[in-house]
Protein chains: 4
Amino acid sequence: MSASPRTALTDRRPRALGRNALGSQKRFDRRLGEILDHATAVFCDKGYDAASMRDLSRATGMSLAGLYYYFESKEKLLYLIQKHAFETILASLRKRLEGIGDPEQRVRLFIQNHLEYFLANQKAMKVLSHEDEALKNSYGNEIRAIKRVYYRTCLGLVEDLMHRRGVKFSGRIAVLSLFGMMNWIYTWHNPRVDADAGALARQMSDIFLCGLLGAGKLKRNSRPAQ
Amino acid sequence: MSASPRTALTDRRPRALGRNALGSQKRFDRRLGEILDHATAVFCDKGYDAASMRDLSRATGMSLAGLYYYFESKEKLLYLIQKHAFETILASLRKRLEGIGDPEQRVRLFIQNHLEYFLANQKAMKVLSHEDEALKNSYGNEIRAIKRVYYRTCLGLVEDLMHRRGVKFSGRIAVLSLFGMMNWIYTWHNPRVDADAGALARQMSDIFLCGLLGAGKLKRNSRPAQ
Amino acid sequence: MSASPRTALTDRRPRALGRNALGSQKRFDRRLGEILDHATAVFCDKGYDAASMRDLSRATGMSLAGLYYYFESKEKLLYLIQKHAFETILASLRKRLEGIGDPEQRVRLFIQNHLEYFLANQKAMKVLSHEDEALKNSYGNEIRAIKRVYYRTCLGLVEDLMHRRGVKFSGRIAVLSLFGMMNWIYTWHNPRVDADAGALARQMSDIFLCGLLGAGKLKRNSRPAQ
Amino acid sequence: MSASPRTALTDRRPRALGRNALGSQKRFDRRLGEILDHATAVFCDKGYDAASMRDLSRATGMSLAGLYYYFESKEKLLYLIQKHAFETILASLRKRLEGIGDPEQRVRLFIQNHLEYFLANQKAMKVLSHEDEALKNSYGNEIRAIKRVYYRTCLGLVEDLMHRRGVKFSGRIAVLSLFGMMNWIYTWHNPRVDADAGALARQMSDIFLCGLLGAGKLKRNSRPAQ
DNA sequence: AATGAATGAGGGTTCATTCAT
DNA sequence: CATGAATGAACCCTCATTCAT
């Protein structure tokens with residue numbers, strides 16, 4: 001995570017920056033990214049609620065009070081982790097979809113993008129999937145808003161495809177089933193045993209697309225449930 | 001939710017209970033079941049780690065110390081909830097599978113059984129799905145053992161079906177994808193908006209079965225991963 | 001302990017006794033003695049404060065509430081144990097001193113009586129020695145009163161002896177040193193390794209008597225402290 | 001009471017402390033020593049088991065949580081108190097024995113050292129004597145190891161003396177009787193009534209030495225028990 | 001830029017005890 | 001004669017967070 005571009009994850013710089021402003025800001029963000037990485041690992045292992053700031057202090061090698069120089073609360077840490085993951089995956093998706101016209105290809109691309117990021121950032125994605133309800137109030141609202149955008153993007157792709165193929169099926173059920181297939185991975189994927197992101201994406205795409213297109217041609221599913 | 005046999009709970013009580021009247025045993029189990037139900041709701045809402053015994057005390061209307069008369073620890077509560085859910089769903093599955101021979105029907109039945117129980121006991125099933133790693137040591141091992149049995153049952157059904165249809169696909173990926181589709185439901189299902197268990201089961205079965213059988217006939221999936 | 005004579009250890013019989021009164025009282029006292037024995041063992045092993053009524057319940061095989069039929073409180077249990085021990089040892093001492101005139105023999109007899117009871121009732125005596133300050137208020141006062149009688153008895157014997165031999169030494173220091181020697185035994189005596197009560201009594205008597213009579217003839221101890 | 005080296009306490013703190021300023025270390029140790037002193041008083045008055053961390057919080061004027069910044073557990077507190085007492089008394093003993101050759105003088109010096117420390121640190125010594133079994137596992141083992149060294153030192157002095165004087169007596173019984181005499185003091189010594197350490201040491205030394213040397217010349221004790 | 005020291009609130013759990021039966 | 005069920009108070013300990021430095 002710390003390697004990816006990150007621009008001003010937080011604006012909570014405590015005091016006016018002198019002539020060294022730019023370098024200082026950069027250093028701040030680098031340190032912050034490192035902490036975020038450690039926090040991701042700890043939240044992944046113990047769960048957000050069970051993880052303590054002391055665990056984080058130990059993991060980062062930074063003092064308890066030092067952490068609060070970078071983050072105003074434990075909640076904010078989770079918020080930053082989740083926001084960063086969502087924004088990165090969304091940005092990557094948008095770039096990849098540019099110039100791709102074929103609706104099936106676009107859905108396959110969505111799945112591939114999701115799984116590649118998922119397996120390359122398993123810990124962050126587990127935290128994203130598992131700590132879905134941990135954030136309350138404005139932090140939570142902001143994350144939920146991004147999530148909705150992501151969901152709707154997928155829904156658009158799927159409905160596009162169904163429309164082109166003359167298939168009738170509940171887009172909501174289809175998309176949420178797809179997310180289930182993909183996000184559940186964090187509960188079982190073992191890198192030493194299971195296929196890599198490319199193979200996994202192909203298999204899940206095949207199941208999902210054959211399933212959706214096949215099911216959509218059966219009589220009973222021809223009226224989409226709301 | 002009906003209670004587990006009393007013997008499981010007696011360890012921490014001052015002395016072994018010998019000659020309980022039958023009525024007393026029944027009353028004990030009824031009270032125990034009520035508490036378990038409240039605990040399920042609380043664990044569902046706040047998550048196991050974030051839920052406190054004081055929350056439970058409030059929810060049940062029983063004193064904090066009173067709870068410990070029925071349960072020796074918070075962990076044991078979660079254990080009993082998860083064990084009960086798994087055992088009930090497994091027992092129901094076995095009964096339903098009796099006398100059904102058609103492999104596709106058997107897979108459909110598995111899905112239907114899972115979703116019916118899932119939606120009829122949403123809170124318990126969220127606790128089962130979401131608190132998968134919360135239990136440690138022997139409690140955790142016991143639950144994981146039941147879970148493995150359940151997983152293997154499903155794997156058997158799916159592999160049976162693939163074999164009959166001459167389909168090649170990784171059974172592991174197929175089954176885990178199916179579980180993902182189904183278990184993810186707890187994150188989105190809204191009884192006022194979404195279809196009921198029967199309809200949902202039909203739709204997911206269609207996607208999964210069309211998907212699996214279709215995908216299994218594509219060239220690239222003809223060699224099962226690992 | 002239950003084998004020794006015990007007359008109405010408690011008068012807390014809950015209701016009027018019918019025609020079966022005497023037998024009932026006997027049965028009550030027998031049961032009570034059994035419980036007292038178990039309590040002695042538990043207090044000895046864990047210490048009075050660390051021992052819980054649940055420990056006692058377990059040890060006696062009686063329900064928690066059942067214990068309270070025999071004893072009104074945990075404190076009363078300790079009180080009864082200590083009182084019984086002191087009264088028994090005092091009664092035995094008085095009997096043995098009857099008809100013995102020689103002052104040295106009388107002191108030796110005191111030591112022998114103390115150590116015989118100590119080793120025959122090690123657990124009770126550890127509870128007596130170690131939980132010296134655990135009892136408060138009236139229970140504590142009563143025990144302290146018996147203890148004072150016991151102490152003064154010993155002091156009388158020792159001062160008698162010193163007087164006869166023309167020895168000057170602080171009786172208080174002498175007697176309290178003797179009690180220290182004897183009571184400390186509970187911290188080290190191992191029945192499989194150490195001598196029995198008779199031998200031990202002889203050795204301690206020799207040390208104490210030679211010591212007191214020898215020391216009392218040195219110049220510097222000839223003015224007793226206070 | 002001076003504090004133990006900080007390293008012993010750092011385990012539970014969020015991260016290993018590296019570059020503490022020397023002044024900081026000193027301040028920490030001073031505070032730690034103050035708390036240890038208060039804890040000693042509280043453990044002395046109520047007993048280790050009956051004393052609560054809240055009692056300590058009250059006695060020190062520090063918050064409950066604040067105490068845990070200095071000590072990781074109640075048990076560790078007792079451990080530090082006992083260890084400090086034993087190590088101080090042992091160090092003092094070794095210094096005093098240097099250059100003293102006469103066996104009798106060496107035993108007298110042992111007694112004097114013990115009683116001087118005992119009366120100068122009555123509370124700590126009561127905690128040492130009375131809470132002998134409270135510490136379990138590794139803490140307990142460590143304290144027991146120091147205690148054994150102390151015991152054997154004394155045994156060596158006493159056996160030396162007996163050998164020089166041609167006296168036969170069980171060294172074990174002699175030494176343990178001496179410890180009994182001395183350690184029992186915490187149950188009765190009243191500074192306003194009783195002699196000071198010097199006088200007490202002289203009296204006890206006289207009793208013990210006259211006793212041992214006298215008893216060792218009586219016929220019956222000429223074969224040492226075990 | 002980061003820390004040591006400290007805290008109020010709350011965590012899970014156990015306590016001695018009671019009372020209707 | 002003895003119990004099962006229940007409780008308020010207290011237990012030891014950890015939490016996220018702050019603030020002077």
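Chain A is the first sequence line, chain B the second, and so forth, proteins listed ahead of strands; every chain is numbered from 1.
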Which nucleotide in the list E:dA6, F:dC13, E:dA1 gets nearest to the side chain of D:Lys74?
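Taking heavy atoms from C-beta onward, the closest nucleotide is F:dC13.
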Residue A:Arg27, side-chain atoms from C-beta onward, closest of E:dA1, F:dC12, E:dA16
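Of the options given, the side chain of A:Arg27 lies nearest E:dA1.
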Any salt bridge between C:Asp55 and C:Arg58, counting N to O under 4.0 Å?
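So C:Asp55 pairs with C:Arg58 through a salt bridge.
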Measuring only between side-chain heavy atoms, which start at C-beta, is C:Glu34 closer than 4.5 Å to C:Arg30?
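The answer is yes, as the side chains (C-beta and beyond) meet within the 4.5 Å cut-off.
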Heavy-atom pair of closest approach, residues C:Leu67 and C:Ser57:
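In this case the closest contact between C:Leu67 and C:Ser57 is CD1-N, 3.8 Å.
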Quickly, which of D:Asp37, D:Leu36, D:Ile35 forms a side-chain contact (heavy atoms from CB on, under 4.5 Å) with D:Thr60? Name it, please.
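Looking at D:Asp37, D:Leu36, D:Ile35, the match for D:Thr60 under the side-chain contact (heavy atoms from CB on, under 4.5 Å) is D:Ile35.
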Among C:Lys26, C:Arg31, C:Gln25, C:Arg27, which residue meets the side-chain contact (heavy atoms from CB on, under 4.5 Å) test with C:Asp29?
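Result: among C:Lys26, C:Arg31, C:Gln25, C:Arg27, C:Gln25 is the only option passing the side-chain contact (heavy atoms from CB on, under 4.5 Å) with C:Asp29.
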[atom1] of [X] versus [atom2] of [N]: gap in Å, rounded?
X       : N      : atom1 : atom2 : value
D:Phe71 : E:dA5  : CZ    : C1'   : 14 Å
B:Tyr69 : E:dC15 : OH    : P     : 16 Å
A:Arg54 : E:dT7  : CZ    : C1'   : 11 Å

Stems involving DNA chain F, each a run of at least 3 consecutive Watson-Crick or G-U pairs under 3.5 Å
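Stem segments, range with range: E:2-21 with F:2-21.
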Base, sugar-phosphate, or nothing for A:Ala50, non-hydrogen atoms under 4.0 angstrom?
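Since no nucleic acid heavy atom lies under 4.0 Å of A:Ala50, the category is nothing.
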